[in-house]
Amino acid sequence: MGNGGRAAARERAGRTVLKARRAAAHLVAGRAPASRATGGPGGRRALLAVMALCVLVLLPAAWMRFSADGHLRGTADVERTEVAVVFGAGLWGEEPSPYLARRLDAAAELYETGRTEVVLVTGDNSREEYDEPEAMRRYLVARGVPDHRIVSDYAGFDTWDSCVRARKIFGVDRAVLISQGFHIHRAVTLCRSAGLQAYGIGVDDRHDVSWYAGGAREVLASGKAVLDVLLRPDPVFLGEQEEGVTRALETAR
């Protein structure tokens, strides 16, 4: 190798050593060296911005879970509560969806074992051809819950509306709420914020694609829930007070 070749080799070796020293200095300082993968300082700022956004998105859901954790029960250990509230979860044709059916099964079990007296079914009936509460009523009656022990809220268009209407329209001040595990934390937090002494039962379900999709939806819905708690809007439809729950409780088994 000639003098020129040796000089070039020494120069390359020197550059390699210099890069290694700089990388070591970055590690000692507690930060990763700039690279093409992060795009330098601009890339790091973008990464931090994404991380901050993720925290902001997840924070409401974390708060919901923390707020509700002490108020969750199982069907076997929930204390006796006069009113159970079942939230709508969609229909398949004119029948409850599988998720809604599991909620209604839990409500029927609570009634059968004497842990609740009245079931308030709350859901969407904004269109004549779509009636969640009526489908829920038929399902419960078929499983042994007397029709006169079921009260329908036809304007439970979302969880906040259902909670507020249960308190203001139907006069419920204490209830056990029934929903899936991915939703029950939000339901309990919102109903307690609306003035109910509420406990929740998160029914078991197969963790399939729909389950995980529901969990992802809850992350977004939790942001709206925080606004509901802070702003306390009236439901889409409030209406006049109803005596359905009171009359049902007055009727003997």
Is there a path of hydrophobic side-chain contacts, each under 4.5 Å between heavy atoms of I, L, V, M, F, W or Y residues, that connects [X] with [Y]?
X	Y	result
Val86	Tyr154	no
Val226	Val164	yes
Tyr111	Leu100	yes
Val236	Val85	no
Ile169	Val245	yes

Test item: [X] and [Y] side chains (from C-beta on) under 4.5 Å apart, heavy atoms:
X	Y	result
Glu94	Arg138	yes
Asp153	Phe170	yes
Leu238	Pro235	yes
Ile201	Leu72	no
Val145	Ile150	yes
Ile178	Leu110	yes
Val151	Val121	no
Pro233	Trp160	yes

Would you compute the distance between atom OG of Ser152 and atom CG of Asp131 and round it to the nearest 0.5 angstrom? 7.5 Å
Nearest 0.5 angstrom please: Leu196 CG to Ser162 OG, how far? 11.0 Å
Nearest heavy-atom pair of [X] and [Y]: which atoms, and what distance?
X	Y	value
Gly90	Tyr130	CA-OH, 3.3 Å
Ala187	Cys163	O-SG, 3.9 Å
Arg165	Glu242	NH2-OE2, 4.3 Å
Ala107	Thr116	O-CG2, 4.5 Å
Arg232	Val229	CG-O, 3.3 Å
Gly74	Asp77	N-OD1, 2.6 Å

Neighbour count above 12 (heavy atom, 6.0 Å) for Glu128 CD: no
I'd like to know if the side chain of Asp173 and the backbone of Gly195 have a donor-acceptor N/O pair within less than 3.5 Å. no
Check for a donor-acceptor pair, side chain of Asn125 on one end and backbone N or O of Arg127 on the other, with a separation under 3.5 Å. yes
Please walk me through it: do Leu91 and Ser97 pass side chain to side chain contact (heavy atoms under 4.5 Å, CB included)? CA-CA 5 Å; Leu91 302 179; Ser97 68; over 6 Å; no
Partner of Phe87 under side-chain contact (heavy atoms from CB on, under 4.5 Å), chosen from Glu132, Arg103, Gln180, Met136: Arg103
Among Thr246, Val172, Thr81, Leu249, find the residue that satisfies the side-chain contact (heavy atoms from CB on, under 4.5 Å) test when tested with Val118. Leu249
Is NZ or CZ of Arg137 both nearer than 6.0 Å to the six-membered ring centre of Tyr139 and within 45° of the ring axis? no
May I ask you to say whether Arg115 pairs ionically with Glu109, meaning some side-chain N is under 4.0 Å from a carboxylate O? no
Does Arg174 come within less than 4.0 Å of Glu82, counting only side-chain N to carboxylate O? no
Which is it for Thr189 and His71 under the side-chain hydrogen bond (donor to acceptor under 3.5 Å, both in side chains) test, yes or no, and what are the steps along the way? CA-CA 9 Å; Thr189 300; His71 307 291; over 6 Å; no
Indicate whether the side chain of His185 and that of Ser222 have a donor and an acceptor atom separated by less than 3.5 Å. no
Could you check Glu112 against Arg143 for side chain to side chain contact (heavy atoms under 4.5 Å, CB included), going step by step and ending with a plain yes or no? CA-CA 10 Å; Glu112 182 181 356; Arg143 278 150 185 78; over 6 Å; no
When the ring planes of Tyr99 and Phe182 are compared, do they come out parallel, tilted or perpendicular, using 30° and 60° as the limits? tilted
